[in-house]
Amino acid sequence: MVQLSLLLLVSAFAHSALSVYPLVDLGYSKFLGTAQSNGVTSWWGLRFAAPPLGNLRFSAPQAPLYNGTLQIANTHGPLCLATGGAPTDPTTSEDCLFLDVYAPSNATAASKLPVFIWIQGGGFNANSNGNYRGDGMILASGMDMVVVTFNYRVSLYGFLASQEVVAGGNTNVGLLDQRFAMEWVQKYITAFGGDPGHVTIGGCSAGGASITFQLTAYGGRDDGLFHAAAAESASVFTILTVEQSQYQYDALVERVGCNTTADTLACLREVNATTLQANNYNIPYPGLGPNASAPLFMYDAVIDGGFIQDFSQRQFAEGKFVKVPVIYGDDTNGGTDFAPQSTANYSQMDQFLIDNYPTMTPDQITAINYMYPEDMEFFNGTGAFWRTASNAYGEMAYLCPGMYVSTAYATYSTLGSWNYRYNVEDPTQMAEGYGVPHTVETAAIWGPQYVSGSPPASYWPNGTNADIVPVMQGYWTSFIRSYSPNTHRVLGSAVWQEWVPTTQDRIMVQTNATAMETVDINEQARCAYLTANSVFWEQ
Ligand SMILES: *[C@@H]1O[C@H](CO)[C@@H](O)[C@H](O)[C@H]1NC(C)=O
Ligand SMILES: *[C@@H]1O[C@H](CO)[C@@H](O)[C@H](O)[C@H]1NC(C)=O
Ligand SMILES: *[C@@H]1O[C@H](CO)[C@@H](O)[C@H](O)[C@H]1NC(C)=O
Ligand SMILES: *[C@@H]1O[C@H](CO)[C@@H](O)[C@H](O)[C@H]1NC(C)=O
Ligand SMILES: *[C@@H]1O[C@H](CO)[C@@H](O)[C@H](O)[C@H]1NC(C)=O
Ligand SMILES: *[C@@H]1O[C@H](CO)[C@@H](O)[C@H](O)[C@H]1NC(C)=O
Ligand SMILES: *[C@@H]1O[C@H](CO)[C@@H](O)[C@H](O)[C@H]1NC(C)=O
Ligand SMILES: *[C@@H]1O[C@H](CO)[C@@H](O)[C@H](O)[C@H]1NC(C)=O
Ligand SMILES: *[C@@H]1O[C@H](CO)[C@@H](O)[C@H](O)[C@H]1NC(C)=O
């Protein structure tokens with residue numbers, strides 16, 4: 001009976017011969033999507049790579065095997081296992097390499113619509129922006145684009161690195177998963193109405209860092225997988241070499257009892273995910289002494305001489321990156337989500353910086369303390385130096401590196417380099433002291449109805465910041481459709497001028513007051529210091 005009704009369903013859709021069928025046959029599997037009443041068809045939970053289990057744990061992704069059973073694509077795939085995640089959390093799984101596709105229901109295989117591939121964040125230790133829905137952006141684009149979201153391996157599953165992993169597996173497999181999803185788009189997106197020759201990659205936080213790593217991958221080799229890039233609040237954490245990462249591997253091996261075996265990698269592949277998760281936690285960088293805490297994000301991309309050949313900042317300085325139109329930018333208070341709220345004085349702030357950037361020297365710490373005088377905004381229940389530490393961390397990890405990339409693109413490429421500061425104040429976030437926090441702009445770009453988590457109440461259609469949603473969607477969908485944020489921007493919104501390294505003009509996004517601004521001269525000076533020194537603290 002079920003099979004009969006499916007057949008009827010399939011033949012019903014076969015009549016509208018010009019539409020993208022909700023049933024898409026990719027050869028290795030057939031996926032039945034859902035045509036929604038808003039004019040967008042969605043396909044959820046498409047397996048894009050073989051399950052990364054057994055011998056594929058710690059190895060590059062492989063093509064999925066043929067499965068002749070019709071896949072009813074109406075359920076998101078589980079998110080990848082996160083650092084510290086409960087072993088039994090049913091929303092996650094080690095078998096997590098799934099993607100979702102959204103397309104206008106009236107698109108055809110001949111439509112060749114611009115494609116947006118979203119790389120979610122989560123500090124490379126979690127999938128934090130999973131299952132965002134592309135409907136809002138497609139509606140905002142006038143049904144002129146296709147959206148792809150996906151999960152990639154994170155934490156130890158995505159970024160374990162050691163000499164054993166190099167010998168018997170692969171490093172940076174989380175980034176290889178991303179690449180694999182992009183290759184999937186090249187092979188299959190036409191069937192959904194998309195144009196493999198017009199692909200924009202975008203992402204926030206570690207998704208923004210992923211944009212950076214994909215732009216600089218293999219020394220900046222252009223594999224034709226994307227044609228524009230938009231990085232939101234891109235993070236730049238400590239980057240270790242494979243050799244420097246060995247302690248993470250050794251500690252894990254010992255924790256799960258694999259230290260008594262000759263082939264520790266084979267042993268780690270035999271341990272089940274429940275046991276791995278029970279032992280999946282961060283430890284401080286070595287040599288930091290008894291006061292150290294674990295960094296916020298321990299597992300991270302590593303310099304492996306292949307996918308990642310150098311600090312990305314150095315590659316940007318040398319022109320070793322794919323030349324495409326780019327947007328980079330950040331929020332006004334990118335550090336407030338991360339600096340410990342209890343931070344009470346400079347010595348605690350400095351310990352936090354050292355915990356996360358362990359090779360900072362005392363001189364560098366002194367300079368940073370000098371650059372960030374005590375912020376006199378205080379919030380109930382928090383330490384006096386929370387905002388001071390946030391200011392330093394926000395500029396160091398997010399804001400200044402983004403400006404650096406904008407400068408590199410403006411210097412080496414003529415295709416367009418745009419920078420933004422997102423400064424939309426939500427009353428609740430302001431009152432709680434978060435200011436305009438990390439990645440909040442994603443809620444405006446996707447629309448508050450279409451993101452996971454809790455977008456600010458003021459962004460909803462009945463809220464005081466509702467008007468910023470169409471403005472941000474206008475810039476982003478314009479960039480995705482035409483490689484410029486201005487072509488299809490919302491009527492009446494400001495022209496977003498390109499970044500010029502000598503003048504440092506960016507767009508400042510604010511409800512009813514979006515306009516170009518010149519970066520404050522003190523901020524320019526702080527960023528100049530930070531980017532001149534960050535490679536020395538292995539950022
Ligand atoms: C094939 O797909 C069906 C439906 O999703 C699933 O139940 C089955 O486990 C799959 N088979 C294999 C070998 O993965
Ligand atoms: C799909 O609908 C949109 C908006 O209604 C329209 O602009 C577009 O031309 C249509 N596309 C096709 C292929 O019919
Ligand atoms: C393995 O690790 C355990 C737990 O730390 C330790 O007691 C044991 O001595 C180690 N064995 C070897 C061979 O290193
Ligand atoms: C995982 O392995 C542990 C230790 O061998 C075992 O006790 C446990 O039952 C296993 N869990 C699952 C879900 O297989
Ligand atoms: C650890 O912190 C305490 C209290 O702030 C301080 O007195 C001590 O010198 C610190 N120890 C090291 C090794 O940094
Ligand atoms: C910083 O604050 C902490 C917590 O209140 C306190 O224990 C420590 O002594 C302070 N350090 C300095 C140098 O004032
Ligand atoms: C500060 O927080 C405490 C505990 O949450 C609360 O009782 C108090 O009313 C708050 N004070 C102000 C001024 O908001
Ligand atoms: C605004 O809209 C949201 C979502 O529909 C709803 O949850 C919220 O209660 C509304 N707020 C007000 C003040 O009406
Ligand atoms: C923005 O402008 C609209 C239309 O003039 C107005 O209704 C709204 O209150 C303004 N919002 C803010 C936050 O200024």
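For reference, positions follow the sequence shown, starting with 1. No hydrogens, no waters, no symmetry mates; every other heavy atom, side chains included, goes into these values. Counting convention: from 1, in listed order, for ligands and their atoms alike.
One side chain, S205 or H438, offers a donor N or O that lies under 3.5 Å from an acceptor on the other. Of the N and O atoms on the side chains of E441 and Y420, at least one donor lies less than 3.5 Å from an acceptor on the other residue.
For atom 14 (O) of ligand 9, the closest non-hydrogen atom of the protein is N512 ND2, 3.2 Å. Residue, atom and distance of the protein heavy atom nearest to atom 6 (C) of ligand 3 are N259 ND2, 4.1 Å. With hydrogens left out, the protein atom closest to atom 1 (C) of ligand 1 is N67 ND2, 1.4 Å, a heavy atom.
Any N or O atom pair closer than 3.5 Å counts here, and Q71 shares at least one such pair with ligand 1.
The aromatic rings of F116 and W446 lie tilted to each other, with the angle between the two planes from 30° to 60°. The aromatic rings of W418 and F479 sit perpendicular, their planes meeting at an angle over 60°, well past the 30° parallel limit.
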*asked:* Run the side-chain hydrogen bond (donor to acceptor under 3.5 Å, both in side chains) test on N129 and T442 for me, step by step, so that the C-alpha distance in whole Å, both residues' side-chain angles and the decisive distance to 0.1 Å come before the verdict.
replied: CA-CA 9 Å; N129 319 97; T442 57; 5.2 Å; no
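Of all atoms in ligand 9, listed by their number and element, those nearer than 4.0 Å to a heavy atom of D467 are 1 (C), 2 (O), 3 (C). Counting atoms of ligand 3 from 1 in the listed order, those under 4.0 Å from a heavy atom of E254 are 2 (O), 4 (C), 5 (O).
Across F124, Y299, F58, F297, a single residue satisfies ring-ring contact (aromatic ring centres under 6.0 Å, His included) together with F159, and that is F124.
Residue contacts with ligand 9 for T464 involve N, CA, C or O but no side-chain atom from C-beta outward (heavy atoms, distance under 4.0 Å).
Within the 4.0 angstrom cut-off, atom 11 (N) of ligand 1 has one or more protein heavy-atom neighbours.
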